[in-house]
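No hydrogens, no waters, no symmetry mates; every other heavy atom, side chains included, goes into these values. Just so you know, these numbers come straight off a predicted model, no measurement behind them.
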Amino acid sequence: QVQLVESGGGLVQAGASLQLSCGTSGIIFRNFAMAWYRQASGKQRELVAGITSGGSTNYADSVKGRFTISRDNAKNTVYLQMNSLKSEDTAVYSCNARYERDWGRILDYWGQGTQVTVSS
C-alpha cells in the first residue's frame with residue numbers, strides 16, 4: 001500500500017519559518033519526482049516546488065528565494081523549508097509523488113495535507 005504522510009504544519013507569525021516533511025512508503029522513492037502543492041481556501045491548488053528523481057528543482061515565482069525543496073532518498077522523505085512566511089502562504093500543503101514510466105504509464109500519489117497558517 002502506498003502512503004504519503006505530511007507533517008510540520010502549524011500556526012506561525014509572519015516572518016517565521018517552518019519545515020514540512022513528507023514521509024513515503026510503498027514506492028521506489030528514488031524513481032519518483034516529488035512535489036509540494038498548496039491550496040488556499042476558495043482557491044485552486046497550485047504547484048509550490050518540485051524536485052526530480054535526479055535532484056533538479058523548480059519553484060513557483062511567489063516562493064522563490066524563500067522556500068527550498070529537498071529529498072533524502074535514504075529516508076524516503078521530501079522536505080519543504082519555508083522561510084520569511086507571509087500571510088499569503090496560508091494554505092493546506094500536500095505532498096505528491098509522480099513516476100512517468102518509459103512506456104507512458106503515470107503513477108501519481110498524494111498525501112492528506114497539512115495546514116499552514118501565517119498570521120499577520
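Counting heavy atoms from C-beta outward, Ile51 and Val78 have side chains that approach closer than 4.5 Å. Inter-residue side-chain proximity for Leu18 and Leu85 is flagged as met; some heavy-atom pair is nearer than 4.5 Å. Counting heavy atoms from C-beta outward, Leu107 and Arg98 have side chains that stay 4.5 Å or more apart. Put simply, the side chain of Ile69 does not reach to within 4.5 Å of the side chain of Tyr79, judged on heavy atoms. A 4.5 Å side-chain heavy-atom check between Phe29 and Met34 finds at least one atom pair inside the cut-off. Counting heavy atoms from C-beta outward, Thr24 and Gln3 have side chains that stay 4.5 Å or more apart. With contacts defined as side-chain heavy-atom distances shorter than 4.5 Å, the pair Leu20/Val116 qualifies. Put simply, the side chain of Leu47 does not reach to within 4.5 Å of the side chain of Tyr59, judged on heavy atoms.
Summarising the geometry, atom CD1 belonging to Ile28 is positioned 12.0 Å from atom CG belonging to Asn73; distances are rounded to the nearest 0.5 Å. Distance CZ/Phe32 to CD/Glu100: 11.0 Å, rounded to 0.5 Å. From Thr117, atom OG1 reaches atom CG of Asp89 across 11.0 Å, with rounding to the nearest 0.5 Å. In this structure, the separation between CD on Gln13 and OG on Ser119 is 5.0 Å, given to the nearest 0.5 Å. Distance check: Asn58 CG to Thr52 OG1 gives 9.0 Å after rounding to the nearest 0.5 Å.
Applying the disulfide bond (SG atoms under 2.5 Å apart) test to residues at least two apart or on different chains, the pairs with a partner in residues 11-114 are Cys22-Cys95. Pairs engaging residues 6-32 under the salt bridge (Lys or Arg N to Asp or Glu O under 4.0 Å) rule: none recorded [sequence neighbours left out].
Thr90 places a side-chain N or O within 3.5 Å of a backbone atom of Val118 that can act as its donor or acceptor partner. Panel note: side chain Ser62, backbone Ala60; no donor-acceptor pair is recorded below 3.5 Å. Side chain of Asn96 to backbone of Tyr109: a donor-acceptor contact under 3.5 angstrom is found.
Between Trp36 and Phe67, the ring centre distance reaches or exceeds 6.0 Å.
Residues Gln39 and Arg45 share a closest heavy-atom pair of NE2-N, 3.7 Å. Closest of all the heavy-atom pairs between Val12 and Ala16 is CB-CB, 3.9 Å. Closest approach of Gly113 and Ser94 over heavy atoms only: CA-OG, 3.7 Å.
Both Leu80 and Val63 sit in one connected hydrophobic cluster of ILVMFWY residues. Membership requires side-chain heavy atoms under 4.5 Å apart, directly or through other members. Hydrophobic clustering (side-chain heavy atoms under 4.5 Å, transitive across Ile, Leu, Val, Met, Phe, Trp, Tyr) keeps Val2 apart from Val5.
The cationic group of Arg38 does not satisfy the cation-pi geometry with Tyr93, failing either the under 6.0 Å distance to the six-membered ring centre or the 45° limit from the ring axis.
The closest side-chain donor-acceptor pair between Ser17 and Gln19, if any, does not fall under 3.5 angstrom.
Residues passing the side-chain hydrogen bond (donor to acceptor under 3.5 Å, both in side chains) test with Asp61 are Lys64, sequence neighbours excluded.
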